[in-house]
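Contents: one structure, followed by commentary.
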Amino acid sequence: MGKENRMLRFITHNLNKDDQEAWSVMLQEQKEKLAEAQAGEDCYADNQGWLSVEEWASEEKLESILELAGEIRKKAEVFVLIGVGGSNNAARSVIEAFRSERDTYKKRENPEILYAGNTLSPYALNEMLQQLEGKSVYINCIAKNFETLEPGSSFRILRQYLYRVYGTEAPGRILATGTAGSSLEQLCQENGYRFLEFPHNIGGRYTALSNVGLLPMAVAGIDIRSLAAGARDMERQLRNWEQKAEEHMAYQYACLRNLYYQKGYRVEMLASFEPQLRFFYKWWIQLFAESEGKENKGLLPMAAEFSEELHSIGQFIQDGSPILFETFLHIREQQDFLVVEPDSLPDYFDYLDGKDFFEINEAAYQATVAAHSQKLPCLTLELDALDAYHFGQLFYFFAFACYLSCKLTGVNPFDQPGVEAYKAWMFEALGKGKGKKA
Ligand code: PA5
């Protein structure tokens with residue numbers, strides 16, 4: 001199959017005539033916003049380093065990430081990724097998608113990847129610490145400005161653990177990824193920890209294609225060259241000035257979700273029949289919630305893991321308040337095989353005899369689209385396969401679509417002022433700034 005056929009496809013299932021017309025009008029009227037997004041904007045220069053995949057995931061940068069990852073892979077049995085939100089979601093979504101023992105990367109010598117810096121629960125942190133016992137441990141603290149409580153506190157307990165176990169060898173096992181000039185860089189310089197640059201011109205949730213996302217993925221054995229190639233191909237498609245706006249996939253998607261918002265829908269439900277995407281949902285939810293949910297505007301991004309959640313949230317989708325529309329992520333090609341063999345016991349499931357679970361899962365997807373289309377707008381983003389290359393496409397596609405979508409609603413896609421409110425109360429409660437080492 002040609003490369004161009006391996007690109008994501010955007011499908012609408014049940015657009016009615018009125019919506020079709022309103023969508024066509026919007027696609028015409030907002031064209032300028034697409035052109036601005038394709039070019040990048042001076043007002044967002046500090047946040048648009050991700051627009052060009054080349055800037056932070058060039059062959060040279062990939063080479064040096066792979067070299068460092070190779071060294072860690074030889075020495076580490078456990079690699080702890082310390083980070084929260086944009087500082088861990090992208091890497092985690094890919095690593096967790098391919099974590100099975102059956103996936104090829106696991107067949108090579110790989111460290112187990114653990115996560116910290118994303119919780120303040122002593123139970124969860126103790127559980128993580130317990131898993132380090134007796135193993136060769138490396139850690140990477142990823143924090144843009146090193147002010148966030150969760151990664152800061154986890155970094156401290158993990159550093160202390162390493163010093164206790166490895167003594168003077170501990171610094172060699174400590175890495176950090178932060179903005180040049182930050183207090184994290186200073187800590188690294190003063191203590192001999194390796195320091196990687198967090199892109200100064202990208203905010204957390206847009207950093208999948210940089211040191212932030214790529215180093216942990218490479219340590220886990222993910223093919224980051226292929227992932228970057230997918231993102232680059234998507235960039236080429238989405239920043240192709242010659243393509244007609246009405247045919248631009250991310251613009252079509254951004255306009256349609258905004259049209260639904262204007263019509264009163266308040267939730268976008270991302271759904272798929274592949275549990276491998278479980279952690280990708282978290283990345284997607286963070287991207288849209290933090291980028292778009294501001295100034296009393298925005299669609300609430302939610303996700304549903306089908307077919308399991310057809311037996312819970314499925315009731316609400318089909319029959320509850322009509323506040324949501326659904327975007328399916330559908331994987332077209334068969335990735336795995338498992339046939340239901342005939343059985344002599346009468347369990348009344350004979351109609352499945354000889355069918356592969358791929359076919360059964362596919363029937364469930366088609367049936368769900370048919371049923372839900374009776375009630376709410378349904379869209380599909382279809383990918384040929386679930387692999388590193390397509391993850392690269394997904395990261396770039398959604399980042400670009402989210403940026404466009406925010407432009408359509410008129411909010412800043414790159415800040416998150418609402419996240420600050422609770423922090424002031426929490427820091428007050430914890431006495432930040434009152435002690436001698438504030
Ligand atoms: O997208 C964002 O900018 C945020 O979600 C951050 O990634 C998150 O708050 C973590 O910030 P930091 O890397 O500074 O600890």
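This structure is a prediction, so every number in the text was calculated from the model and none was measured. Whatever order the structure lists ligands and atoms in, that order sets their numbers, starting from 1.
Checked against the 6.0 Å centroid criterion, the rings of F280 and W283 qualify as a close aromatic pair. Between F279 and Y115, the gap from one ring centroid to the other reaches at least 6.0 Å.
Considering only non-hydrogen protein atoms, atom 3 (O) of ligand 1 sits nearest to G204 N, 3.3 Å. Nearest to atom 11 (O) of ligand 1 among the protein's heavy atoms is T148 OG1, 3.6 Å. The shortest contact between atom 7 (O) of ligand 1 and any protein heavy atom is with G86 N, 3.0 Å. When only non-hydrogen protein atoms are considered, atom 4 (C) of ligand 1 lies nearest to E290 OE1, 3.4 Å.
To the nearest 0.5 Å, atoms NZ (K61) and CD (E55) are separated by 7.5 Å.
The residue from Q286, R205, E420, Q416 that puts a heavy atom closest to atom 5 (O) of ligand 1 is Q286.
Panel note: side chain K297, backbone V411; no donor-acceptor pair is recorded below 3.5 Å. Between the E246 side chain and the L27 main chain, no donor and acceptor come within less than 3.5 Å of each other.
Under a 4.0 Å criterion applied to the non-hydrogen atoms of A143, ligand 1 contributes the atoms 13 (O), 15 (O). For ligand 1 and K144, the ligand atoms under 4.0 Å from any heavy atom of the residue are 12 (P), 13 (O), 14 (O). Every atom of ligand 1 is numbered from 1 in the order shown, and the set under 4.0 Å from a heavy atom of N145 is 14 (O).
Contact annotation: for V84 versus ligand 1, heavy atoms closer than 4.0 Å belong to both the backbone and the side chain.
Donor-acceptor pairing under 3.5 Å is recorded for the side chains of Q286 and E290.
Protein heavy atoms come within 4.0 Å of atom 13 (O) of ligand 1.
Classified by interplanar angle (parallel below 30°, tilted 30° to 60°, perpendicular above 60°), the ring pair F414/W50 is tilted.
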